Structure formats: structure tokens, C-alpha cells
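Written below as C-alpha cells is the structure these notes are about.
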Amino acid sequence: MKRVKILVTGPFSSGKTSLIKSVSEIPVVSTEKAVTDETRVIKNQTTVALDFGRLTIDDDLVLYIFGTPGQERFSYMWDVLSVGAVGMVLIVDSADYKSIIEARRYLAFFLPKLQIPCVIAANKQDMTGSLSPEQVGQMLGIDDTVEIVPCMAKDRESVKNVLIKLFELVERTGLAQEDQDAIV
Ligand SMILES: Nc1nc2c(ncn2[C@@H]2O[C@H](COP(=O)(O)OP(=O)(O)OP(=O)(O)O)[C@@H](O)[C@H]2O)c(=O)[nH]1
Ligand SMILES: [Mg+2]
């Protein structure tokens, strides 16, 4: 049985908590608190430390999924949460230009440091005016070595598709061949 750690990160309100809640087979450990700053016009609650969920893929593979907070003031958690991750989902709100621009900073922070496969989830594809995965990729300025997958984070099948794409990349790296002794 392989147990591997996956990191889910992305800008404020991009859909990290929704994504993990959609697929986790255990009640998600969430740290959502009332928003107290000016962003409360966007949403009432925000992740302040982490989200944690688990998804069994098959008899051989269990994913432990860790989500980061999306607000800058809680970014001290990013390093802690990323230790030992074998793959990363960067989720962006495809209907929000600011989210996509902000996502560049996440790529620059995590990718050189972690050197692990990354899939970009172009979320909120159900919203009118959302950019296509190709357009999101252009705005992020990434080359075609990074996979961009359409996503609706509240839809379980859509999220599973994102995770399967990521895992295909992870398997090619061989990073997930051994069980991880310590997930956190
Ligand atoms: N229409 C639509 N709304 C979505 C989708 N995914 C998430 N949302 C909504 O977007 C808002 C933010 O979702 P969250 O899952 O809280 O986002 P987050 O990235 O965890 O937010 P922070 O932890 O505050 O950074 C919520 O109102 C969700 O219901 C989607 O695919 N489509
Ligand atoms: Mg959250």
C-alpha cells in the first residue's frame, strides 16, 4: 500500500477547500474562520491553517491531501504543509483575472523549491465568463510541460479527473514508488 502526500494550493477563494471536500472519504479537517478583513465581501470564511482529506484510489494507493490557506497573512503555513509532497495541484479561479495573476506567485514560490509534478486546475469552469484552460495557461505564461486541467471543484468526478492527471505525472517521476513513512 502506497500512501502519498498531495499539496493543493492556490490564491484566495480559488476553490482549494471545495476541491478537497469533494473527494475526501473522511470528514475534512478544515480550519475555516470568519473573514475579518476587506475580502469578506468575497466570502465569509477562509482557511487559516490547512485542510486535510484522504482519498483511496485503489488497494495500492491512498492520497493524503493537504490544502494551504490562500491569504498572504497565513502563508507561513506553506512551507510546513509542502514537506514531503510528491505532487501539487495549483487551483485558480478561471473567472477571476486577479486570481490567475496571483497564481504566478504560487508557481514561483513552490515549483523551484519542491521540484515535483504540478497540475493546474482551471476552476469554476461552470461560471459564465470563465477563461478556458488554454487561456489560463497563456495568462500564467507556462509552457506545455505543465498540464492544465478544466475543473469544477464542487464536482467529485471533475476533481478526481484532476487528481488522476496529477498522479499520472507523479508515477512517471517514480516519486510515489515507496510508501511514505511520515506524511506530515
Ligand atoms: N461556481 C463555482 N463556485 C465554486 C467552485 N469551486 C469553488 N467555488 C466557490 O468559490 C468560493 C471559494 O471556495 P473555497 O473552496 O472556500 O476556496 P478556497 O481556495 O479554499 O478559499 P481560501 O481558503 O479562503 O483561500 C466558495 O463560495 C465556493 O462555493 C466552482 O467550481 N464553481
Ligand atoms: Mg479554503
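FYI, the numbering just counts along the sequence from 1. Here the structure is a predicted model, which is why all the values come from computation and not from measurement. Note that ligands are numbered from 1 as they come in the structure, with each ligand's atoms numbered from 1 the same way.
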Legend entry - N/O/S atom of S18 inside 2.8 Å of the Mg ion (ligand 2), strictly under: no
Legend entry - Subset of ligand 1 atoms that lie under 4.0 Å from at least one heavy atom of A153: 6 (N), 31 (O)
Inset, instruction - Can you confirm whether something in the protein, heavy atoms only, sits under 4.0 Å from atom 27 (O) of ligand 1? - result: no
Legend entry - Residue, atom name and distance, where the atom is the protein heavy atom closest to atom 23 (O) of ligand 1: T47 OG1, 2.9 Å
Legend entry - I100 CD1 to S14 OG distance, which is reported to the nearest 0.5 Å: 11.0 Å
Inset, instruction - Could you tell me the residue and atom name of the protein heavy atom closest to atom 7 (C) of ligand 1, and the distance to it rounded to 0.1 Å? - result: S18 OG, 3.5 Å
Inset, instruction - Check whether any N, O or S atom of T17, backbone or side chain, sits closer than 2.8 Å to the Mg ion (ligand 2). - result: yes
Inset, instruction - Examine distances only and state if a side-chain atom of K5 and a backbone atom of V83 form a donor-acceptor pair shorter than 3.5 Å. - result: yes
Legend entry - Closest candidate by heavy atom, reference atom 9 (C) of ligand 1, pool K16, K21, K124: K124
Legend entry - Sub-4.0 Å protein heavy atom next to atom 2 (C) of ligand 1: yes
Legend entry - Part of D93 within contact of ligand 1 (heavy atoms, under 4.0 Å): neither
Legend entry - Crowding at NZ, K43 (>12 non-hydrogen neighbours, <6.0 Å): yes
Legend entry - Heavy-atom donor-acceptor pair, S22 side chain to A153 backbone, under 3.5 Å: yes
Legend entry - Per-atom contacts, ligand 1 versus K154 - under 4.0 Å to a heavy atom: 3 (N), 4 (C), 5 (C), 8 (N), 29 (O)
Inset, instruction - Using atom types as modelled and distance alone, determine if a side-chain donor or acceptor of K21 lies under 3.5 Å from a backbone N or O of G53. - result: no
Legend entry - Test item: S24 side-chain N/O and I20 main-chain N/O as donor-acceptor pair under 3.5 Å: no
